[in-house]
Amino acid sequence: MSIHHSCFKNPFEEKHQEVVWKDNLPYSSAYQDRFFQDDAISEITNIFIEPNQLLERIKNGSRVHIGELGFGFGINFLVTAKFWLENNKNSDSLNLEYLAIDEALPTKAQILKIINNFPELKEVSNIFLNSYDPSHNDSQRIYFPSLKIRLTLIQNDVESGLKNLLGLANNQIDAWYLDGFDPSKNKSMWSNSIFQYIKFLSANNATFGTFTSAGFVKRGLKKFGFKVNKVKGFGRKRHKLTGIRSPNPTVNIERNKKKKIGIIGSGIAASSAAYAAVQNGADVEIFELSDDIAAGASGNPIAAMYPRFSANDSPYSFLTAQSYFFAEKIYSQLPNAYKKTGLLFSHSNDYQKQWMTDMKNLNREDLFETIDKQKMKKLYGFESNGLLVKKGGYLFPKLICQELTSHPNIKISYNYCFNSWFKNKSKIDIHFSNQEKKSGFDDLIIANGSSLERYVSGLKISKGQLVGLKGDQQIDLDLPINSAGYILPKVDGITWIGSTHEREFENIEICYEAGRELIKRTNKNFNVSLQGSDDMQMTANLRVSSKDRLPLAGKIEKNIYAIGGLGSRGFSLGPILGEHVASLINNSPSPISSGIALAIEPLRFKD
């Protein structure tokens, strides 16, 4: 059974840094300790950057993974980002992975207040704050392409955060910033279990720096495989500890290799994987069966984000929140393909009503707005209470896939009917039933919808149909509305509604009888009167989910990966699953925990 460790009851529980301000600098009221000295930039350089040999690593052209325990107000990250920006002339698209863990995160206002004391950090702090928007706790993945840095920010207690990294070989750290508060006041950060997790997560010859020189910290790190040095401290501190992990021949992770990746399919799962892979510097070739991109379910004329969150601490709940907001952040960069309108929910049954109550009780007014029946009627024309999800919107699926794959390092080859693969020494040959084989690939990702059932078990395939109604309707919304079904904004004079869920079907042809039933059901659920069944448009596609309703993403054998079973959440799940698989290939930290990764492992249904 997969376990996702969290100190929070649900993904939306908030916890911010509690401080008092002394001379305009933060002081922890919980730990009775300061976050940093007055000369923070020199302090961070002395305690973390220099002992971890960042300048030497940059000169060697290395891709570096930094792990920080104690994110605080992000000052260590900002100083490191400034140092990286000024010294890194490497041409790689992203060559610094920065992973940080802290149970409490700062607000933007707190960060801005601190930055006023350090004007030399203004440039990097502006870049950081433009992307810093923690809508949920646990893992968040943030790209900073202008800095050539990718941040994985984990809001969790340190022990749970480290546990969630175990089990994935790509979560190896080269340089540790051990920056918890005074060990005598923050013992949970400086325990033997923490030192052991650091050992398990350290790459060969991993280094560390820390401000403390406490004897039990020195003994603990030595016990778990580090050579520890007690050296002169910074400022008024007499000593500090630095060190390096003793060489371990069993830890040998390949990095810095430019990969050539083949991807089967061109829907949202495949396009997301391609997008993530090229951020890591890979060359990608997509092989699509038809003569156009996103020819399957990802090619519907319009779709909406699907924020059906859960207010519990299950792996499913955390994956749903993380994937939704990660996708929304990526789509927000594609204004032609994605419209940020928010999403509306109404209730037509007790289940919907309870879900809306659960979201209201999260007390996240920045994310959810409850709407009473009177306002719902006035604004939207519906006879029910409502819930507005403020972040989200609708999108044009084919255009999303086109935008995600519009990169010079992505090539799309059409009319390729995938048949099999063959490993030729260290490379992969891809075979097709109607084309010559393609050779020389390092990795292969199979993301071709229902055809994935040739390689994995546990998939459930159903038929889904949308109905498009022409002309004016009683309801004319500028945002999607969900209940037991959904109504999408009018596009090109057509209002689209969805969708059917046909578990038993004979073919994938359009069924107008099912379309008329969908109109009746939609009218009943929303208490409206949609017209136009005599001249309706329809689309029909296969919907692929799994037996446990979780998607599939991960390795099926060495260098072969699969993504599928996204069900009705494809455009919410696709980007984070593509990011996860690309991270496995690239040997860079995953955007999800090992517990979630195990829960969505593609071979979990294998007999």
For the residue pair Arg543 and Ser499, confirm or rule out a side-chain donor-acceptor distance under 3.5 Å. yes

Would you please say whether a donor-acceptor pair under 3.5 Å links the side chains of Asn300 and Asn541? yes

Going by atom types alone, do Asn482 and Arg308 pair a side-chain donor with an acceptor below 3.5 Å? no

Do the side-chain N and O atoms of Asn10 and His136 include a donor-acceptor pair separated by under 3.5 angstrom? no

Side chains of Ser590 and His580: any donor to acceptor distance under 3.5 Å? yes

Quick one: do the Glu14 and Asn137 side chains pair a donor with an acceptor below 3.5 Å? no

Can you check whether Ser529's main-chain N or O pairs, donor with acceptor, with Gln474's side chain at less than 3.5 Å? yes

If we ignore angles and hydrogens, is there a donor and acceptor under 3.5 Å between the side chains of Ser290 and Asp292? no

Can you see whether Asn415 engages Asp291 through a side-chain donor-acceptor pair at a distance of less than 3.5 angstrom? no

Answer yes or no: are there more than 12 heavy-atom neighbours, outside Lys390 itself, under 6.0 Å from its atom NZ? yes

Side chains of Glu403 and Tyr275, donor plus acceptor under 3.5 Å: no

For Ser135 and Lys391, test the side chains for any donor-to-acceptor distance below 3.5 angstrom and give the result as yes or no. yes

Can you see whether Tyr394 has Lys339 sitting over its ring - NZ or CZ less than 6.0 Å from the centre and within 45° of the normal? no

Any salt bridge between Glu513 and Arg516, counting N to O under 4.0 Å? no

What verdict does the side chain to side chain contact (heavy atoms under 4.5 Å, CB included) test give for Phe309 and Phe12, after you've listed the backbone C-alpha separation in whole Å, the side-chain angles of each residue and the deciding distance to 0.1 Å? CA-CA 10 Å; Phe309 304 120; Phe12 299 101; 3.6 Å; yes

If the condition is ring-ring contact (aromatic ring centres under 6.0 Å, His included), which residues does Tyr486 pass it with, not counting sequence neighbours? none

Would Arg503 and Ser462 count as having a side-chain donor-acceptor pair, cut-off 3.5 Å? no

Parallel under 30°, tilted from 30 to 60°, perpendicular over 60°: which one fits the rings of Phe432 and Phe287? tilted

Tell me whether Ser483 contacts the main-chain N or O of Ser346 through its side chain, where contact means a donor paired with an acceptor under 3.5 Å. yes

